[in-house]
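What follows is one structure encoded as structure tokens, with my remarks underneath.
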Amino acid sequence: MSKEARSYSSSALDLMEGKAPRRGEVDWDEVRRTAFTEARDARRPADTHQAIKAAQEELGDGHSELFSLQGRGRCPGTSRSASL
């Protein structure tokens, strides 16, 4: 994973951990491990979106959504609602 992609993923996961309504019920070490494993070949921040989406699904709160950096709305494959 590139430094840029890792920084982006870390920021997204930090935001999720800090804002998730059920944050105390989530194994964040496992969520991070899984996300970084899934995005291990990422070169650009956009390459991490599927891993971030999977992490959002783990929250199970229905309050998270990933928006594109270009401001063009929801990233492909996402359906939930915290923008990064």
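Just so it is clear, the structure is predicted and the values come from calculations on it, not from any experiment.
For the atom pair OG (Ser10) and CG (Leu15), the distance works out to 12.5 Å, reported to the nearest 0.5 Å. Atoms CE and OG, from Met1 and Ser7 in turn, are 11.0 Å apart once rounded to the nearest 0.5 Å. Residue Ser9 holds its OG atom at 8.5 Å from NE2 of His49, rounded to the nearest 0.5 Å.
Remark: side-chain polar atoms of Trp28 are paired, donor with acceptor, to backbone N or O of Arg23 under 3.5 angstrom. No donor-acceptor distance shorter than 3.5 angstrom exists from the side chain of Arg44 to the backbone of Ala5, with no hydrogens or angles considered.
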Could you go through the side-chain hydrogen bond (donor to acceptor under 3.5 Å, both in side chains) check for Glu30 and Thr34 one step at a time?
-> CA-CA 6 Å; Glu30 182 61 26; Thr34 300; 3.2 Å; yes

Take Arg22 and Leu59, measure what side-chain contact (heavy atoms from CB on, under 4.5 Å) needs, and give me the verdict at the end.
-> CA-CA 7 Å; Arg22 296 175 45 212; Leu59 299 181; over 6 Å; no

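Scanning both residues, Gln56 and Met16, for their nearest heavy atoms gives N-CE, 3.6 Å. Residues Val31 and Glu58 approach most closely at CG2-CB, 4.3 Å, considering heavy atoms. Taking each heavy atom of Pro45 and Glu4 in turn, the nearest pair found is CD-CD, 3.6 Å. The shortest heavy-atom contact between Ala39 and Thr48 is CB-CG2, 4.1 Å.
A salt bridge links Glu17 to Arg32: at least one charged side-chain nitrogen sits closer than 4.0 Å to a carboxylate oxygen.
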